[in-house]
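Residues: numbered from 1 along the sequence shown.
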Amino acid sequence: MSTKPEGNERPSARTGRDRAPHLKCPHLLIPRLLALTLLRVDRPAHQRRISAPAPGHLSDTTSRKADPVTSAHPYTPSAPQRADDSERYTVGVDFGTLSGRAVVVRVRDGEELASAVHAYTHGVIDRHLPGTGAALPPDWALQHPQDWLDVLRHAVPEAVAAAGVDPASVIGIATDFTACTVLPTLADGTSLVETSLADRPHAWPKLWKHHAAQGQADRINELAHARGEKWIKRYGGKISAEWQFAKALQVLEEDPEVYDACARWIEAADWIVWQLTGTESRNACTAGYKGIHQDGAYPSDDYLTALHPGFTDFARTRLEFPLADLGSRVGSLTETAARWTGLTAGTAVAAGNVDAHVTAAAAQAVEDGRLLAIMGTSTCHVVNSPVLADIPGICGVVDGGIVEGTYGYEAGQSAVGDIFAWVLSQGVPQEYADEAAERGEDLHALLTRKAAGQPVGGHGLVALDWLNGNRSVLVDHHLSGVLVGLTLATRPEDVYRALLEATAFGTRIIVEALERGGVPVHEFIVAGGLAKNELLMQIYSDVLRRPVSLAASQQGPALGSAIHAAVAAGAHPDVRTATAAMGRLQRDVYTPDTARADAYDELFAAYRSLHDQFGGGELLHRLRDIRNRAVTAG
């Protein structure tokens with residue numbers, strides 16, 4: 001594949017050798033609610049933050065120089081000004097783990113005029129149930145649907161106001177969500193949280209990282225293989241505990257009354273669209289990747305009966321609905337939704353989508369072989385290919401799951417930014433905090449700077465990045481992290497760097513699995529908040545032995561949604577055309593250094609050895625069982 005700039009792309013700025021050994025980490029997106037973390041959409045403690053962003057702006061503190069613009073669409077925009085009334089715009093809304101972001105985008109060229117962020121009041125509910133204060137069991141993670149509606153009421157109108165856009169010139173709105181965040185509702189879409197069942201934990205939406213359904217997932221997989229169900233191969237041989245069927249089966253088995261009250265089991269990606277349009281719709285992306293919808297059908301009644309007699313009609317009664325293509329118009333804003341958002345009733349609403357998959361449009365990663373890693377609290381890897389292949393351990397392959405006319409493959413890592421935040425949440429020596437304060441750095445920046453001065457392998461450590469389980473390629477959320485090589489001389493920056501490297505090794509496992517299975521990766525592209533960390537990006541380039549390109553937008557999912565909104569509104573004929581006009585990409589920003597890559601090969605061999613040794617789960621599962629028994633007994 002040519003490396004010349006194409007469309008909105010920019011040429012490479014520097015090679016791996018050009019970078020100084022001490023890299024200054026840019027400002028990170030740090031919600032105080034969960035200490036310090038590296039998230040895509042989450043912001044400090046204040047509820048809302050409005051900005052008129054520079055679409056290509058990478059950081060306020062990086063020393064990277066701006067390259068000459070080779071595209072017809074400027075990478076660095078002019079100073080914010082009131083929008084041209086003759087232009088047309090769309091709004092993209094990205095619902096993340098801790099907050100939601102709205103961005104206003106010009107449909108002609110993808111220029112981002114302004115954005116606004118609204119932090120969820122309840123955040124991740126993983127300890128006590130709101131209202132009752134009841135303690136939640138281990139591995140639970142819930143959310144409050146009111147938090148999502150508040151994003152529509154606050155972030156959208158504030159972004160439109162900041163952009164200086166006449167609401168009548170906004171022709172479409174689209175949303176994306178964390179995948180496999182699912183909830184039970186009544187037939188009219190009312191969340192069970194709004195009913196008398198609100199004191200029951202299973203009535204609440206289950207966040208993507210709710211991992212308490214691993215036992216149900218194991219049985220789903222065992223039965224599928226025993227019966228020779230052909231769909232199981234489309235998911236790498238394993239259905240995840242994060243997905244729709246495992247979570248629904250958990251509800252049935254642990255609270256049948258809630259299950260009986262559930263008329264519709266729906267992804268939050270579709271539920272929020274329901275609230276905007278007043279009518280139910282289901283998108284092809286979540287149905288395919290998270291709902292086991294393959295070749296036009298869900299798993300059969302016979303299979304579901306064998307799984308549990310009460311589960312026979314689950315797909316037929318709680319999931320079944322015509323699937324909408326990505327970028328299609330599924331309805332219009334109702335009067336109520338128009339009042340929430342400040343937009344005009346009747347504005348086009350696009351089919352729901354997944355945060356990772358929709359970002360492919362923003363990063364111009366819809367063409368075959370362009371692997372996009374959306375790196376935030378976790379990482380999702382998506383890539384298109386013209387061939388249908390069964391690849392062990394991937395999250396799924398769906399025809400048209402990312403863009404029409406090709407097979408979309410998904411893989412992922414259950415924790416990445418969350419791992420780095422975990423290091424800080426466990427505490428660092430006071431001397432480190434004092435040094436950070438003196439230098440005006442946050443602790444992530446301080447640890448990154450100290451870690452950047454080390455030679456590869458200088459810390460003597462290797463870690464397994466399974467602190468939130470393993471999504472790919474082992475698909476086991478009851479695995480846990482491992483850190484090997486600790487001595488009395490080990491420093492916090494050693495652990496920090498070892499965990500940065502572990503996530504890169506995990507990504508290399510995924511890339512190698514895809515290519516071994518017949519899906520070539522021609523280019524590696526990164527989007528999300530973690531792309532700001534230069535050390536991390538260089539580590540990925542060295543570990544993968546390939547250049548790393550960057551999505552130019554700092555709000556890729558929201559921009560991707562805005563692109564899909566433009567298609568739904570008829571401003572562009574299809575997603576590929578809209579992507580070419582509105583997406584933005586920096587090509588080959590980081591390139592591998594041969595000497596470091598050789599050193600990382602040796603460390604990766606150690607990682608692979610640990611991966612294969614502990615990946616069977618016998619020891620790690622035993623430790624988790626011991627923990628769970630101790631916690632529940634207490």
Side-chain angles (χ1 to χ4, degrees), residues 137 139-140 179-180 182-185 192 202-203 206 208 210-267 282 284 286-323 388 390-399 410 469-479 616-618 621 625:
D139 302 318
W140 276 61
C180 51
V182 291
L183 65 155
T185 77
L192 294 191
H202 279 297
K206 288 179 169 56
W208 63 268
H210 175 93
H211 290 157
Q214 185 63 51
Q216 285 79 10
D218 291 341
R219 286 166 40 219
I220 289 171
N221 294 326
E222 291 168 5
L223 181 63
H225 285 289
R227 290 171 53 94
E229 299 286 346
K230 66 177 184 178
W231 46 260
I232 192 67
K233 292 183 179 180
R234 300 281 180 90
Y235 300 96
K238 288 185 178 180
I239 298 302
S240 171
E242 295 180 346
W243 298 351
Q244 293 180 21
F245 277 71
K247 287 174 174 173
L249 185 57
Q250 184 193 13
V251 176
L252 170 62
E253 295 180 337
E254 296 182 5
D255 196 337
E257 186 177 351
V258 168
Y259 182 82
D260 290 341
C262 167
R264 305 298 286 165
W265 183 252
I266 190 167
E267 289 271 347
R282 303 274 176 147
T286 53
Y289 289 105
K290 313 304 173 186
I292 322 182
H293 189 275
Q294 292 286 347
D295 300 323
Y298 290 103
S300 68
D301 285 4
D302 287 347
Y303 167 80
L304 297 177
T305 300
L307 193 60
H308 189 294
F311 212 46
T312 301
D313 66 352
F314 168 67
R316 182 160 36 85
T317 60
R318 292 167 174 82
L319 295 181
E320 194 69 53
F321 201 85
L323 299 183
L388 177 62
D390 296 330
I391 302 176
I394 64 163
C395 296
V397 53
V398 176
D399 188 1
E410 178 193 335
N470 180 283
R471 185 178 296 162
S472 299
V473 294
L474 299 173
V475 199
D476 186 345
H477 294 290
H478 280 185
L479 294 174
E618 180 181 356
H621 288 171
D625 288 343

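Rounded to the nearest 0.5 Å, atoms CG (L183) and CH2 (W265) are 7.5 Å apart. Here CZ of R282 is found 9.5 Å from CD of E320. Values are rounded to the nearest 0.5 Å. In this structure, the separation between CD on E229 and OG on S300 is 5.0 Å, given to the nearest 0.5 Å. Rounding to the nearest 0.5 angstrom, the gap separating the CZ atom in R227 from the CG atom in L307 is 9.5 Å.
When side chains are defined from C-beta on, D139 does not count as touching Q214, because their heavy atoms never get closer than 4.5 Å.
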Kindly indicate, with the supporting measurements, whether the criterion side chain to side chain contact (heavy atoms under 4.5 Å, CB included) is fulfilled by L304 and Y298. CA-CA 10 Å; L304 297 177; Y298 290 103; over 6 Å; no
Go through the steps to decide whether E253 and F311 satisfy the test side chain to side chain contact (heavy atoms under 4.5 Å, CB included), and finish with yes or no. CA-CA 10 Å; E253 295 180 337; F311 212 46; over 6 Å; no
Determine whether R219 and L249 satisfy the following criterion, side chain to side chain contact (heavy atoms under 4.5 Å, CB included), listing intermediate values before the conclusion. CA-CA 10 Å; R219 286 166 40 219; L249 185 57; 4.1 Å; yes
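Contact check on R318 versus D313 returns a salt bridge, with a Lys/Arg side-chain nitrogen under 4.0 Å from an Asp/Glu carboxylate oxygen.
No donor-acceptor pair closer than 3.5 Å links the side chain of W231 to the backbone N or O of I292. R264 contributes a side-chain N or O that, together with a main-chain N or O of T317, makes up a donor-acceptor pair within less than 3.5 Å. In this structure, H293 contributes its side chain and V398 its backbone to no donor-acceptor pair below 3.5 Å. A side-chain donor-acceptor contact under 3.5 Å links Y303 to the backbone of I220. Remark: the backbone N or O of C180 is paired with a side-chain donor or acceptor of E267 at under 3.5 angstrom. Side chain of Q294 to main chain of V397: a donor-acceptor pair is present (N/O by atom type, distance under 3.5 Å, no hydrogens or angles).
The two residues I239 and A217 make their nearest non-hydrogen contact at O-CB, 3.7 Å. Across every non-hydrogen atom of L252 and P256, the tightest pair is O-CG, 3.4 Å. Looking at every heavy atom in both residues, S240 comes nearest to A246 through O-CB, 3.9 Å. L192 and A203 get closest at one heavy-atom pair: CB-O, 3.7 Å.
In this structure, F245 has its ring center closer than 6.0 angstrom to the ring center of F314.
Just one residue in the list H621, K238, H211 forms a side-chain hydrogen bond (donor to acceptor under 3.5 Å, both in side chains) with D476, and that residue is H621. Applying the side-chain hydrogen bond (donor to acceptor under 3.5 Å, both in side chains) test between H210 and each of K247, E242, Q250 identifies Q250 as the sole match.
Within the structure, salt bridge (charged side-chain N to carboxylate O under 4.0 Å, His left out) pairs that include any residue of residues 286-308 comprise K230-D295, R234-D295, K290-E410, D301-R316 (at least two apart or interchain).
Under the side-chain contact (heavy atoms from CB on, under 4.5 Å) criterion, D399 pairs with Y407, not counting sequence neighbours. Among residues two or more places apart in sequence or in another chain, the ring-ring contact (aromatic ring centres under 6.0 Å, His included) test is passed with Y259 by none.
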